[in-house]
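Counting starts at 1 for both ligands and their atoms, in listed order. Just so you know, these numbers use all the heavy atoms, side chains as well, and skip hydrogens, waters and symmetry mates.
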Amino acid sequence: MGQPVEVRVLPSALYREALLFRSRTEPKYGESHMNDWKPESWTARTALHQPTYPDQEQLSEAIGELAQLPPLVTSSEIESLKAELAQAAVGERFLLQGGDCAESFAECASSVITNKLKILLQMSLVLVQGTQRRVIRVGRFAGQYAKPRSTEDETRDGVALPSYFGDIVNRPAFDERSRRPDPWRMMRGYERSALTLNFIRALIDGGFADLHHPEYWELDFVKHSPRAKEYYETVRKIGESVRFMETLTGISVADLSRVNFYTSHEGLLLPYEQAMTRQVPRRNGWYNLSTHFPWIGMRTAGLDDAHVEFFRGIRNPIAVKIGPSIEPAMLPEFVSRIVDALHPDDEPGRLTFIHRYGASKVAEHLPALIKAVQATGRTVLMVCDPMHGNTRNTASGIKTRSFEDILHELENSISIHAECGSHLGGVHFELTGDNVTECTGGARGLTDDDLQDGYRSLVDPRLNYEQALEMAMLIANRLVPSS
Ligand code: PEP
Ligand code: CO
């Protein structure tokens, strides 16, 4: 009769041992400070840049329905990205993040999505060539629908209506019906994100980009540049590397082109982000499954406010935009407190700072930010957004940015990081794969007067296909590893 007892005891002992082993080796990230957090904890704090929904009942109903729907991304994808970002933070990879300032429901269209993937992929190959590092591609897509606004209302000819907060909240047309915040637009935003992601996943699985022929990239504009020879050379080298890789590995580039694209958006509209935040079997804590990599915008990074409260509880890798509104003298305290709130365990890949100072301010502010981060003793991935600090209005009132200012901020950032014993780990652009005219400059030398030809952005001006590819080529040269 002793035998059966032994048989029962042995597996359970092993099981206990396995549990012990697991708890010894599995890091406890996201557990220690989480007892007091729930997806809705943010509602007790001040939430800036949120629309006022006239019908609260409809709002609860919409959130309730969203919370039942399947997630847009999975926790394992999120964890893979976190691991890749951890490598970028120590200089082993480079982050390329880009896409629209604001996606619109109307532009959830095949060519727009394909062109955006194409430009991001081409830029990433140029950056791989230059940096000799693997590049992480993250789109500002499949959910970049909510925008912070400087005023809750907009007044035209004496009429005040709610500001346009992005397609996930209301519509841009200036009439009462369009501007009324409608909670069911969150459902439309979720669906548009799902449609976009579905198409992106299918394109990637199908090996959408033919990497064999970079010489077919649309490079006509390059002829206008004094650097034409250099650009053609870069592209020739990429073609060579692709063929070399195939010969060497015996793996067809159709397989190699099954590269990862991750998604990101500003996690601004908290009711939506809350509804998409879930617990996942066999994982600790909560994941925001609306996107892989949400960020906190510069205007909503108040330490005691709702966004920091919400973000501290999710397990995703997260980013915070940091701009000149935080004076250098305030940075040590701000950085140490935000790092304590969002990055208490120094979990690899968890936290990214996206600095966006502008070409004229980066030299004054960035060294102080870098020192403040170094003083925390924790690892933070440092990325530059050279767009949002460089916005200006033309004489006729069009919002634009100049290619030269964007490049200048990036070049300065690269050298300042190096001088301060840090490194620039990535770049964040507003761009499109289409031939718009929203930013001035670049090889074609777009002027203020050219902007009206193809200005489509509803919010901020984006680099077009040519400008984005040229920008990648210029900065790739500067990012060549020093050793
Ligand atoms: C944005 O990324 O579109 C944006 C609003 O940026 P920031 O928060 O840096 O101003
Ligand atoms: Co923007």
Side-chain angles (χ1 to χ4, degrees), residues 47-51 95-104 107 116 138-152 163-169 172 189 263-270 273 291 293-303 305-308 310-311 318-326 331 334 338 342 351-359 361-362 365-366 369 381-393 398-402 405-406 409-410 413 426-432 436 438-439 455-464 467-468:
L48 297 178
H49 294 273
Q50 304 299 294
L95 172 69
L96 170 64
Q97 186 174 18
D100 294 308
C101 180
E103 287 176 286
S104 75
E107 291 213 328
K116 228 170 337 200
V138 176
R140 279 176 70 116
F141 53 44
Q144 175 54 19
Y145 293 118
K147 296 308 296 174
R149 302 319 304 251
S150 38
T151 52
E152 189 159 332
S163 296
Y164 168 62
F165 278 89
D167 276 5
I168 198 164
V169 174
T263 65
S264 67
H265 65 247
E266 178 172 350
L268 180 68
L269 186 61
L270 291 173
E273 304 301 330
T291 189
F293 188 23
W295 76 84
I296 303 182
M298 184 189 74
R299 293 163 188 77
T300 48
L303 288 163
D305 289 352
H307 288 82
V308 170
F310 174 76
F311 272 68
I318 59 175
V320 183
K321 294 272 210 103
I322 299 185
S325 52
I326 305 168
L331 278 167
F334 175 81
I338 205 154
L342 299 176
L351 186 63
T352 297
F353 282 159
I354 305 173
H355 51 82
R356 29 87 83 225
Y357 286 122
K361 295 193 176 147
V362 64
H365 289 257
L366 184 53
L369 175 65
L381 170 60
M382 301 290 276
V383 169
C384 175
D385 161 3
M387 312 299 291
H388 286 89
N390 290 313
T391 317
R392 67 179 177 92
N393 280 317
I398 302 177
K399 226 187 199 191
T400 190
R401 292 159 173 160
S402 96
D405 287 344
I406 295 167
E409 178 165 358
L410 280 173
S413 297
V427 283
H428 179 119
F429 291 113
E430 285 186 344
L431 53 77
T432 163
V436 300
E438 296 170 5
C439 294
Y455 198 101
R456 296 223 306 262
S457 175
L458 286 176
V459 198
D460 289 341
R462 302 160 293 178
L463 293 172
N464 63 24
Q467 291 168 327

Between Ser457 and Val436, is any pair of side-chain heavy atoms under 4.5 Å apart?
-> no
Quick one: does Glu266's side chain get under 4.5 Å of Trp295's, heavy atoms only?
-> yes
Among protein heavy atoms, which sits nearest to atom 9 (O) of ligand 1, and what does the distance come to when rounded to 0.1 Å?
-> Arg356 NE, 2.6 Å
Among protein heavy atoms, which lies nearest atom 4 (C) of ligand 1, and at what distance?
-> His388 NE2, 3.4 Å
Should Glu107 and Arg456 count as an ion pair when the cut-off is N to O under 4.0 Å?
-> yes
Contact partition for Met298 relative to ligand 1, non-hydrogen atoms under 4.0 Å | both
For [X] and ligand 1, does the shortest N/O to N/O distance drop below 3.5 Å?
X: Glu430; result: yes
X: Arg299; result: yes
X: Arg140; result: yes

Name of the [X] atom (N/O/S only) found closest to the Co ion (ligand 2):
X: His388; answer: NE2
X: Glu430; answer: OE2
X: Asp460; answer: OD2

Of the listed options (His49, Arg149, Met387, Lys321), which comes nearest to atom 6 (O) of ligand 1 when hydrogens are ignored and any heavy atom counts?
-> Lys321
Find the distance between CD1 (Ile318) and CG (Leu351) and round it off to the nearest 0.5 Å.
-> 5.5 Å
Which atoms of ligand 1 are found less than 4.0 Å from any heavy atom of Gly297?
-> 8 (O)
Short list, please: which atoms of ligand 1 are under 4.0 Å from a heavy atom of Lys147?
-> 1 (C), 3 (O), 5 (C)
Please determine, by modelled atom types, if His265 and Glu273 share a side-chain donor-acceptor pair under 3.5 angstrom.
-> yes
Hey, does the side chain of [X] reach the backbone of [Y] with a donor-acceptor pair shorter than 3.5 angstrom?
X: His307; Y: Ala301; value: no
X: Gln467; Y: Asn464; value: yes
X: Thr300; Y: Leu48; value: no

Sub-4.0 Å heavy-atom approach of Cys101 to ligand 1 | yes
Give the intermediate values and the outcome of side-chain hydrogen bond (donor to acceptor under 3.5 Å, both in side chains) for residues Arg140 and His428.
-> CA-CA 9 Å; Arg140 279 176 70 116; His428 179 119; 2.8 Å; yes
